[in-house]
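Atoms within a ligand are numbered from 1 in the order they appear, just like the ligands themselves. These values consider heavy atoms only, across backbone and side chains, with no hydrogens, waters or symmetry-generated copies.
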Amino acid sequence: MPDTRDRDLRSFIDRVDALGALRKVAGAHPVHEIGAITEVAAGKPNAPALLFSDIAGCDPRFRIFTNATTTPQRAALALGIDPMLPPLAALKAWMQRRQTLKRLPPVNVPDGACLQTIVAEDDVDLGRYPVPVWHKADGGPYIGSGSIVVMRDPDDGWINASIYRVQVHNRSQVTVQFDHTGRHGAIIAKKYWDRGRSCPVAIVNGPDPSLFVAGFEYLPEGYSEYDFAGAIRGAPLETIAAPLTGLPVPGSSEMILEGDLLPMTQQTLPEGPFGEFTGYYAADTRPGPVMNVRGICHRDDCILFGSPPMKPPRFHFGLPLRAAGLWEALATAGITDVVGAWQHVSQLMTVIAIRQRYGGHAKRAGLMAAANSYMARLVVVVDDDIDPSNLADVMWAVTTRSEPAETIDIVRDAWSSALDPRIPPDRKAAGVTSHSKLIIDACKPFAWRDDFPTSTALSADEAARIEAKWGAVIA
Ligand SMILES: Cc1cc2nc3c(=O)[nH]c(=O)nc-3n(C[C@H](O)[C@H](O)[C@H](O)COP(=O)(O)O)c2cc1C
């Protein structure tokens, strides 16, 4: 197993470079151009990671890193999994490893590279940094498109460190966007506000990528993302007390913003719109909670981290982590012989692969997967000879093994979200966040599966043997 201890973003970038997956881009403009280059690169088959330097009109000491984990290979690297594993094997390895992970709380250390430059309150000016306007119709520049918002629960002191987007509004004010009031960050902020206080916040930009992964895991209340990131690394995060708020922040991060999130009764600013991961602007501009930035610290030659949402299939993370959760949930529910799970189209389509054992097995898996697939309108169940991570293979099964008149079902009023672009405006205004889901059973019909025409294609093992013997000749 490879070394799992990426100590910081820079060592991760070095490892990406060593894999040949980094491209350096000089001279791009932060308004629309960096976002556009990021999107075009993410759409290429190798979807390279990008390091932007000499950003037009900006202080040359600052760079921006994007497309960090957009491929299965780099996602595996961030998880401490062998980056050479094929995608489905990497997801399975993560699933197995995740089950054995133990919380590893951070350790406090006295100093960190993020303290190299400290900007006092009077000198705070967010306009000094290269903050991209990522998409063409965004409401403004976003300094946080994959940064970690750190807050301490005022009751029992636990630290929440999750990803919420952060829009810059002026020299010293940003908004933090909670998709809904159930986000842990929103719950913690409300506790302060209900007591008539502002909520102390630190925004961490460019930490060790394990914290990026932890920052969007659904962890239970009280389980700090810091502990989960430590578990992924196999070594605790090293945190320092942020100079102003005293909140623990990873000392090797690139930049920390500190300040207070004001009660929404005191001030709000119009947040958004911001291009979403569905590839649309489907949520309106809303009043967002305002953070007064009262201090900034950063590395002298800071690399800001950018992870803007993009039109599918481009996605923040090259392995569909939620598919691993689904796979586990199916097993826990007693559905046997699930051999694979994957999500395509930025998680808007779920595929489950099974070794059919009885009539109704595929439907059972499909219904269970549909119930638990967030925002996915399309659920496909395939046989075990189909690689669910290979969309062409999946569509071959759909077009040759399913019979629309017999093997398609629609489930109504199922789990979606306010970001769903296809919920009609009047229903969205009424608070509807559900949609219907199509379940396609693309398995060979169970009753006559043994008589189903034989495939002409090589099995995966046969193809691998040919690859091993002749791969270099036909490369
Ligand atoms: C790149 C990226 C950006 C995200 N942006 C937001 C956001 O702006 N608002 C939000 O509520 N969730 C956002 N999320 C999802 C949350 O980070 C995720 O659901 C997380 O588990 C929420 O943590 P919590 O349960 O501690 O609130 C984003 C996720 C990623 C990967």
Side-chain angles (χ1 to χ4, degrees), residues 35 38-39 42 65-70 74-75 78-79 132 134-135 138-153 158-168 174-191 199 201 203-207 209-229 232 261 271-279 281-286 288-289 291 304-312 314-322 324-325 343 346-347 374-375 415 417-419 433:
T38 298
E39 182 177 318
F65 180 55
T66 66
N67 286 347
T69 50
T70 44
R74 298 197 298 275
L79 291 171
W134 293 101
H135 319 91
D138 284 359
Y142 278 75
I143 195 164
S145 56
S147 55
I148 308 291
V149 178
V150 179
M151 297 174 178
R152 189 194 303 278
D153 185 290
W158 76 280
I159 296 291
N160 189 65
S162 297
I163 302 174
Y164 312 116
R165 72 193 193 209
V166 180
Q167 179 178 356
V168 174
V174 299
T175 43
V176 175
Q177 198 272 159
F178 306 115
D179 278 358
H180 56 82
T181 51
R183 289 290 195 233
H184 290 140
I187 293 171
I188 292 175
K190 187 168 182 301
K191 288 187 184 184
C199 173
V201 183
I203 295 177
V204 176
N205 200 306
S210 62
L211 186 57
F212 177 66
V213 180
F216 66 96
E217 269 280 340
Y218 294 142
L219 297 177
E221 199 169 10
Y223 188 158
S224 176
E225 288 76 12
Y226 282 171
D227 301 4
F228 193 70
I232 295 174
L261 202 61
E271 202 282 335
F274 188 54
E276 294 152 12
F277 80 96
T278 57
Y281 291 97
D284 287 337
T285 301
R286 287 189 293 178
M291 174 185 174
L304 290 169
F305 183 87
S307 186
M310 292 177 269
K311 180 184 160 191
R314 305 160 193 82
F315 198 58
H316 309 288
F317 208 69
L319 288 173
L321 299 180
R322 309 249 191 270
Q343 289 187 306
S346 302
Q347 314 200 354
Y374 171 69
M375 284 187 79
W415 190 26
S417 101
L419 298 187
T433 55

### Message
Minimum distance, heavy atoms only, to atom 31 (C) of ligand 1: which one of Phe305, Tyr142, Phe216 is it?
### Response
Phe216
### Task
Could you pull out, from Arg165, Arg183, Met151, His184, the option with a heavy atom nearest to atom 25 (O) of ligand 1?
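That would be His184.
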### Distance-minimising heavy-atom pair for Ile148 and Gly215
CD1-CA, 4.3 Å
### Query
Between Ser145 and Pro308, which heavy-atom pair has the shortest distance, and what is it?
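Here Ser145 and Pro308 meet closest at OG-N, 3.8 Å.
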### From Cys199 atom SG to Lys190 atom NZ, the distance as rounded to the nearest 0.5 Å
13.0 Å
### Task
Measure the spacing between CD of Gln347 and OG1 of Thr278 and express it to the nearest 0.5 Å.
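Rounded to the nearest 0.5 Å, the CD-OG1 separation comes to 12.5 Å.
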### Query
Judging by distance only, is a nitrogen or oxygen of Ser307 under 3.5 angstrom from one on ligand 1?
no
### Message
Looking only at distances, can you tell me whether any N or O atom of Gly146, backbone or side chain, sits closer than 3.5 Å to an N or O atom of ligand 1?
### Response
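It does not: no N or O of Gly146 is found under 3.5 Å from an N or O of ligand 1.
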### Query
For Tyr281 and Asp138, does a side-chain donor sit closer than 3.5 Å to a side-chain acceptor?
yes
### Query
Under 3.5 Å, is there a donor-acceptor pair linking the side chains of Tyr142 and Gln167?
yes
### Query
Touching ligand 1 at all, His180? Heavy atoms, strictly under 4.0 Å?
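No; His180 lies far enough from ligand 1 that no heavy-atom distance drops under 4.0 Å.
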### Query
If you measure from each heavy atom of Ser145 to ligand 1, is any distance below 4.0 Å?
yes
### Message
Tell me every residue that passes side chain to side chain contact (heavy atoms under 4.5 Å, CB included) with Ala214, counting only those two or more places apart in sequence or in another chain.
### Response
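So Ala214 forms a side chain to side chain contact (heavy atoms under 4.5 Å, CB included) with Leu211, Glu225, Phe228, Ala229.
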Using a 4.0 Å cutoff against the non-hydrogen atoms of [X], which atoms of ligand 1 qualify?
| X | result |
| --- | --- |
| Phe178 | 11 (O) |
| Gly215 | 17 (O), 20 (C) |
| Gln177 | 7 (C), 8 (O), 9 (N), 10 (C), 11 (O) |
| Glu225 | 26 (O) |
| Glu217 | 21 (O) |
| Asn160 | 26 (O) |
| Ser162 | 23 (O), 24 (P), 26 (O) |

### Query
Which protein non-hydrogen atom lies closest to atom 27 (O) of ligand 1, naming both residue and atom, and how far is it?
Tyr164 OH, 2.6 Å
### Task
Do me a favour and list the nearest non-hydrogen protein atom to atom 28 (C) of ligand 1 with residue, atom name and distance?
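Looking at atom 28 (C) of ligand 1, the protein heavy atom closest to it is Ile163 O, 3.8 Å.
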### Task
Decide yes or no for Leu419 and Met375: does some side-chain heavy atom of the first lie under 4.5 Å from some side-chain heavy atom of the second?
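Counting from C-beta outward, Leu419 and Met375 do come under 4.5 Å.
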### Aromatic ring proximity Phe212/Phe305, centre distance under 6.0 Å
yes
### Summary
Checking heavy atoms under 4.0 Å, the part of His316 that sits near ligand 1 is side chain
### Task
Measure the acute angle between the ring planes of Trp158 and His184, then classify it against the limits of 30° and 60° as parallel, tilted or perpendicular.
perpendicular
